[in-house]
K.L.:
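Before we start, here is the structure in question, set down as structure tokens.
Counting convention: from 1, in listed order, for ligands and their atoms alike.
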Amino acid sequence: MKKLSVGDLNLGGRRVFVRVDYNVPLSRQGGAATITDDRRITASLPTLTTILERGGSVIAASHLGRPKGKRAPEYSLAPVARRLSQLLSRPVSFADDCVGAQAQEKAGALTPGGVLLLENLRFHPEEEKDDEAFARTLAGLADLYVNDAFGSAHRAHASVHAIASHFQQPAAGLLMDAEVTALSRLLDAPARPFVVVVGGAKVSDKLDLLEHLIERCNALIVGGGMAYTFLSALGHDIGNSIVEKEREMEVRDLMTLCAVKGVSLILPEDHLEAKPGERGRPTAGPSVSQGYAALDIGPKSIKAFTTEIAKAKSVLWNGPMGRFEDAAFAAGTEAVAQAIASCGGFTVVGGGDSAAAVKRFGLESGFTHISTGGGASLEFLSGKTLPGVAVLADAP
Ligand code: ADP
Ligand code: MG
């Protein structure tokens, strides 16, 4: 499902509406808002520079936070315009509303190489309602449309969905293209063995993902909080570990599906268990002591998981192996991340917390692709059609 890319467009002299994801973290200490992490802005630069270097101009648009359809100064994108200007080393004009006379004037005044950033799309309730008239007004600002906001592609909002029908060739930006290409490769043509590693807090968030991937992978490794619903379904004592009892039936079905499809299912053989405020101690086997919660996988599990991962030619990882935010329970997640980074195959990490773990351990260079879209990558990997991807034109 290769999509038309910004690089395929005839950009010279054109105004390009670029849907970006500038939903950056802001700190508001002492009045003025400062951007505490500008990676989402730097991530958009390749797409913007492609357009600018080929003689186009850019009208960038994004949401920021949840202003709930009203103007709210604390969610203004004005600080982003200043940072974008520094990063691009060229002036960036700013329209204090994404529609209306000022936006039209500033868009109309753009010359080749010019950049305009529009104010927060979500100041208008029409954005999240996928409103047709609002989409048409946004579209009226530009000649071409590019979506580079993969993390917003699972929502049918006006700037990612309704807007596209107003352009002949709605195209993917380079970030969007990289996401769709990497994730599609795992689903459609993974190098084998294909090992899926899942963890994190809740199995209920990831049932569809697991079902879709069991159809495609060779081994499924389950760690982290979600493993305790599996172990509980198998009759093990899990102490006070997090569990979703009401999901045990569905988890049993998944285990049956693994057997039917010939997928090796690998569950933790041991854990680090602790009482609140204590450091962990290793368990002897898969059962957890009464009054204790399992907060990381144990040394035997680390050995088993990393041995399987070392044989992989492709790996998808989603969800940490324990409560890794606490250094006492980070060893399992770090060992698994390290094993994936050094397996030498095609390696993808999806999920906000797992991506944060990869960064924290300094292992980014070991991953082929670090997905930026939490919810969007989960839905894509679950086999769902993302509205913002579906509306883009297919590659020639
Ligand atoms: P991702 O964002 O990568 O998809 P999730 O959001 O599903 O990951 O899960 C991350 C959270 O799961 C983390 O906050 C982590 O502390 C928690 N977690 C993982 N294992 C355990 C565990 N054994 N007990 C409690 N919490 C856990
Ligand atoms: Mg998360």
K.L.:
Kindly give the heavy-atom pair with the smallest separation between A95 and Q102, and that separation in Å.
P.N.:
CA-OE1, 3.0 Å
K.L.:
What part of F329 sits under 4.0 Å from ligand 1 if we count only heavy atoms: the side chain, the backbone, both or neither?
P.N.:
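No part of F329 comes within reach of ligand 1.
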K.L.:
Under 2.8 Å from the Mg ion (ligand 2), how many protein N, O or S atoms can be found?
P.N.:
1
K.L.:
Check N318 against ligand 1 and report side chain, backbone, both or neither, counting heavy atoms closer than 4.0 Å.
P.N.:
side chain
K.L.:
Is there a polar contact, in the sense of an N or O pair closer than 3.5 Å, between S354 and ligand 1?
P.N.:
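Yes, there is a polar N/O contact under 3.5 Å.
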K.L.:
Is it true that the side chains of E179 and S377 contain a donor and an acceptor less than 3.5 Å apart?
P.N.:
no
K.L.:
Give me the residue, atom name and distance of the protein heavy atom closest to atom 23 (N) of ligand 1.
P.N.:
A294 O, 3.1 Å
K.L.:
Please report the closest heavy-atom contact between P396 and L4, naming both atoms and the distance.
P.N.:
CD-CD1, 3.6 Å
K.L.:
Between the side chains of H271 and Y292, does any donor sit under 3.5 Å from an acceptor?
P.N.:
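Note: H271 and Y292 side chains miss the donor-acceptor criterion.
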K.L.:
Any idea how F17 and Y145 line up, ring-wise: parallel (<30°), tilted (30 to 60°), or perpendicular (>60°)?
P.N.:
parallel
K.L.:
For atom 4 (O) of ligand 1, what is the closest protein heavy atom, and at what distance to 0.1 Å?
P.N.:
K206 NZ, 3.2 Å
K.L.:
If you have a sec, work out which protein heavy atom is nearest atom 12 (O) of ligand 1 and how many Å separate them, to one decimal?
P.N.:
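For this ligand atom, the closest protein heavy atom is A201 N, 3.2 Å.
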K.L.:
Going by distance only, is there an N or O of G224 that falls short of 3.5 Å from an N or O of ligand 1?
P.N.:
no
K.L.:
How far is atom 21 (C) of ligand 1 from the closest protein heavy atom, and which atom is that?
P.N.:
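The closest heavy atom on the protein side is G225 N, 3.4 Å.
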K.L.:
Using a heavy-atom cut-off of under 4.0 Å, does the side chain or the backbone of D353 touch ligand 1, or both, or neither?
P.N.:
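Both backbone and side chain.
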K.L.:
Taking only heavy atoms of Y228, which atoms of ligand 1 are found under 4.0 Å from at least one of them?
P.N.:
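Under 4.0 Å from Y228, ligand 1 has these atoms: 23 (N).
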K.L.:
Can you check whether D296 has an N/O within less than 3.5 Å of an N/O in ligand 1?
P.N.:
no
K.L.:
Distance to 0.1 Å, residue and atom name: give those for the protein heavy atom nearest to atom 8 (O) of ligand 1.
P.N.:
P320 CD, 3.5 Å
K.L.:
Just checking, R122 and Y75: is the charged tip under 6.0 Å from the six-membered ring centre and within 45° of the axis?
P.N.:
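Relative to the ring axis of Y75, which defines the angle, R122 lies outside at least one limit.
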K.L.:
Do the side chain of S165 and the main chain of A162 share a donor and acceptor less than 3.5 angstrom apart?
P.N.:
yes
K.L.:
Atom 19 (C) of ligand 1: which protein heavy atom is closest, and how many Å away?
P.N.:
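Its nearest protein heavy-atom neighbour is G322 O, 3.2 Å.
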K.L.:
How close does the nearest protein non-hydrogen atom get to atom 25 (C) of ligand 1, and which residue and atom is it?
P.N.:
I242 CD1, 3.6 Å
K.L.:
Can you list the ligand 1 atoms lying under 4.0 Å from a non-hydrogen atom of G319?
P.N.:
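This gives 3 (O), 8 (O) as the contact atoms.
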K.L.:
With only distance considered, is E325 within less than 3.5 Å of ligand 1 through an N or O on each side?
P.N.:
yes
K.L.:
Please determine if G199 has a nitrogen or oxygen closer than 3.5 Å to a nitrogen or oxygen of ligand 1.
P.N.:
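So ligand 1 has no N or O lying under 3.5 Å from an N or O of G199.
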